[in-house]
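Since the model is a prediction, treat every value here as computed from it, not as a measurement. Order of appearance sets the numbers: ligands from 1, and atoms from 1 within every ligand.
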Amino acid sequence: MSEIAKTNAPKQLVFDTDMVERAYDRWAPFYDLVFGSVFAKGRRAAIRAADKIGGRVLEVGVGTGISLPLYGSNCRLFGVDISAAMLRKAQDKVAELRLKNVEGLAVMDAEKLNFPERSFDVVVAQYVVTAVSDPEATLDEFARVLKPGGEIILLSRVSADSGLRQLIEHLLAPIARPLGWRTEFAWSRYAEWVKRPLNMELVERSPVPPFGHFSLIRFRKIKTAN
Ligand SMILES: C[S@@+](CC[C@H](N)C(=O)[O-])C[C@H]1O[C@@H](n2cnc3c(N)ncnc32)[C@H](O)[C@@H]1O
């Protein structure tokens, strides 16, 4: 596989799923310590939005299950992740905290979700879309498994479309990639994706801490007559 994808300038580094899986297997023992509190406000905002809908909730990239205890009892949760080591941590949390609303955890690739279409009322993916190898294909999968009227709720880093910040993010990309992060992911990619014929509409984009570089993003699947 070529190192540099043939996309618009600046060039995007190719993201490889095996590499991401290995990176998060390594992060698993100390993930909560490093990323627990720094992303806590964002996670609370995303879970509040999911709780308002309730029903069957798929959390993709559930990781160590750090969010699982936050959901209301009106949510029946299924968590998936590419990293078995992260999921083992999630399994331990479910057992220790006796989380009765967690119906299942499974190793699964976000780009190939093993669920029928229209299975979930909500798909939550927190800090995940920028970690997968094909973000648009992943968003397509989220839309496929979502019921009409349901929501995709994302927490996502949104990079700059131009200027100095874009340059810095471009320079940092090769350093961040082996850690499982993509520094370059401009809002224009979400804006283009929502135009696909998937009956999705943007309902919210709000900044969340830290650093003002992250957003809570909600897309709703429009109910159609048929
Ligand atoms: C930055 S962590 C976020 C974990 C958690 N959602 C949180 O709020 O902290 C990204 C997670 O996405 C998972 N991930 C990355 N690529 C994936 C893929 N293709 N399919 C499923 N999970 C993936 C990683 O293993 C990791 O657990």
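Some N or O of Q126 is nearer than 3.5 Å to an N or O of ligand 1, by distance alone. The shortest N or O to N or O distance between V62 and ligand 1 is not under 3.5 Å. Backbone and side-chain nitrogen or oxygen atoms of A110 are examined, and one is located within less than 3.5 angstrom of a nitrogen or oxygen of ligand 1. Inclusion of Y127 in the set of residues having an N or O under 3.5 Å from an N or O of ligand 1 is not warranted. Geometrically, ligand 1 and Y31 share a nitrogen or oxygen pair separated by less than 3.5 Å. Considering backbone and side-chain N/O of D81, one or more are found under 3.5 Å from N/O of ligand 1. Close N/O approach between G61 and ligand 1 is found [any backbone or side-chain N/O within under 3.5 Å].
Listed by first and then second residue, the ring-ring contact (aromatic ring centres under 6.0 Å, His included) pairs that reach into residues 61-99 are F78-F115, sequence neighbours excluded.
Each of the atoms 27 (O) of ligand 1 lies under 4.0 Å from some heavy atom of G63. Short contacts between ligand 1 and D109, defined as distances under 4.0 Å to a heavy atom of the residue, involve ligand atoms 18 (C), 19 (N), 20 (N).
Under the 4.0 angstrom criterion for non-hydrogen atoms, V20 is in contact with ligand 1. Ligand 1 is approached by R43 to a heavy-atom distance shorter than 4.0 Å. Heavy atoms of M108 come nearer than 4.0 angstrom to ligand 1 in at least one pair.
With hydrogens and angles ignored, the 3.5 Å screen pairs no side-chain donor or acceptor of N199 with any backbone N or O of K221.
Ion pairing between a basic and an acidic side chain is recognised when a charged N comes within 4.0 Å of a carboxylate O; E192 and R189 show no such pairing. Ion pairing between D121 and K147 holds under the 4.0 Å rule for side-chain N and carboxylate O.
Relative orientation of the Y31 and W27 rings is perpendicular, given thresholds of 30° and 60° on the angle between their planes. Ring geometry for F219 versus Y190: interplanar angle of 30 to 60°, hence tilted.
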Apply salt bridge (charged side-chain N to carboxylate O under 4.0 Å, His left out) to R48 and D51, showing your working. CA-CA 5 Å; R48 261 198 311 275; D51 278 353; over 6 Å; no
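Between the OG1 atom in T17 and the CZ atom in R22 there is a gap of 10.5 Å [rounded to 0.5 Å].
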